[in-house]
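Notes to accompany the following structure.
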Amino acid sequence: MKPRAAWPILAKKAKEKCDQAMAALVKGREKIKNLEQSRNRMEALYADYLARSIEAEKNSLSMQETVNFRGFLQQIQTLIKRVDVDLQHAKFELDVLKGNLLAAEKKRIQMETLQEQDERRVRVAAAKREQRAMDAAGVMLFNMK
């Protein structure tokens, strides 16, 4: 009796899916990290430009320059809000990817367990055959005496 050839293949495919899910999870974490860094840079830019705007208002500015400062600050705020939305989406996607990884790990463990059970079944059957052969040989030797 031989172990079934399907279990190692299924276990290998399950392992590959785990690896793919892990890679996707790593990419998702990198995306969140990049978005957070981008948001931090924009907040720093906003704070810097706001400080410049306040400093410039102390000097006499034309109406156009004041409008330009405020318009740029609003654009930065809009970008920060957009990054926040992207960050929320990325976090939701990360949660989905974590679920996918857990499901893939569960499937991998299941396939490896089934493969091990099949191999154990084959070993037990071989041990029984060997024991029967030994018993038969022992009976034949006893009967020959």
Side-chain angles (χ1 to χ4, degrees), residues 1-57 61 64-145:
M1 179 179 265
K2 288 180 161 182
R4 292 186 180 143
W7 295 125
I9 294 168
L10 292 172
K12 180 181 174 188
K13 286 188 180 235
K15 174 84 169 88
E16 289 171 358
K17 286 202 178 201
C18 279
D19 293 343
Q20 290 171 351
M22 182 58 83
L25 187 67
V26 168
K27 283 184 182 179
R29 285 184 178 146
E30 287 176 8
K31 182 177 180 181
I32 287 175
K33 181 182 171 187
N34 289 338
L35 286 170
E36 287 173 344
Q37 288 174 347
S38 178
R39 187 179 195 290
N40 290 339
R41 283 191 307 269
M42 284 185 220
E43 285 178 342
L45 179 64
Y46 181 81
D48 180 50
Y49 210 80
L50 184 62
R52 286 184 191 180
S53 173
I54 292 171
E55 184 64 34
E57 284 181 7
L61 287 181
Q64 184 62 38
E65 289 173 331
T66 303
V67 169
N68 287 344
F69 271 113
R70 290 184 183 163
F72 187 70
L73 289 172
Q74 286 176 341
Q75 287 177 345
I76 293 174
Q77 286 177 330
T78 302
L79 287 174
I80 290 172
K81 288 177 185 175
R82 186 177 301 159
V83 170
D84 285 340
V85 169
D86 290 346
L87 197 54
Q88 288 175 349
H89 288 307
K91 286 180 179 179
F92 175 76
E93 288 174 5
L94 186 68
D95 290 340
V96 170
L97 291 172
K98 285 179 183 178
N100 291 346
L101 178 61
L102 287 175
E105 283 288 332
K106 183 178 178 183
K107 192 70 169 175
R108 180 190 60 80
I109 291 169
Q110 179 186 16
M111 290 301 137
E112 287 176 356
T113 302
L114 289 170
Q115 180 183 2
E116 289 169 5
Q117 287 174 351
D118 189 48
E119 290 169 355
R120 190 175 326 114
R121 180 184 56 82
V122 170
R123 283 193 308 270
V124 166
K128 283 183 181 180
R129 274 195 312 274
E130 188 176 316
Q131 186 61 44
R132 278 191 218 120
M134 294 292 286
D135 290 346
V139 168
M140 283 176 47
L141 284 174
F142 180 77
N143 288 336
M144 292 179 117
K145 288 186 180 183

Between N34 and E30, a side-chain donor and acceptor under 3.5 Å
no

Drop me the distance from I109's CD1 to K107's NZ, to the nearest 0.5 angstrom.
12.5 Å

Less than 4.5 Å apart, side chain to side chain, heavy atoms only: is that true for K31 and K27?
no

Determine, stepwise, if the pair R121 / Q117 fulfils side chain to side chain contact (heavy atoms under 4.5 Å, CB included).
CA-CA 6 Å; R121 180 184 56 82; Q117 287 174 351; over 6 Å; no

Residue pairs, two or more places apart or on separate chains, that pass salt bridge (charged side-chain N to carboxylate O under 4.0 Å, His left out) and touch residues 66-89
R39-D84

Could you tell me whether the side chain of K12 reaches within less than 4.5 Å of the side chain of K15, counting heavy atoms only?
no

Could you tell me whether R52 and D48 have a side-chain N and a carboxylate O separated by less than 4.0 Å?
yes

Paired with R4, the side-chain contact (heavy atoms from CB on, under 4.5 Å) test is passed by just one of I9, D118, L114, namely D118

Closest heavy-atom contact between P3 and E119?
CB-CG, 4.5 Å

With rounding to the nearest 0.5 Å, note down the distance linking CD in Q88 to CG in L35.
11.5 Å

Nearest atoms (heavy-atom pairs only) where A104 meets C18
O-SG, 3.1 Å

Nearest-0.5 Å distance, CG of residue L25 to CE of residue M22
6.0 Å

Flag the pair K33 / Q37 as yes when at least one side-chain heavy-atom distance between them is below 4.5 Å, and no otherwise.
yes

To the closest 0.5 Å, what do you measure between CD1 (I80) and CD (Q75)?
12.0 Å

Could you go through E36 and N40, starting from their C-alpha distance and side-chain angles, then the distance that decides it, and tell me whether this counts as side-chain hydrogen bond (donor to acceptor under 3.5 Å, both in side chains)?
CA-CA 6 Å; E36 287 173 344; N40 290 339; over 6 Å; no

Which atom of I32 lies closest to which atom of L87, heavy atoms considered:
O-CD1, 3.8 Å

Rounded to the nearest 0.5 Å, what's the gap from CG on L45 to CG on L73? Could you check?
9.0 Å

Heavy atoms of L94 and G28 approach each other most closely as CD1-C, 4.0 Å

Rounded to the nearest 0.5 Å, how far does CD1 of I54 lie from OH of Y49?
13.0 Å

Can you name the nearest heavy-atom pair linking A11 to Q115, along with the distance?
CB-OE1, 3.5 Å

Looking only at heavy atoms, what is the nearest atom pair of V83 and M42, with distance?
CG2-CE, 3.3 Å

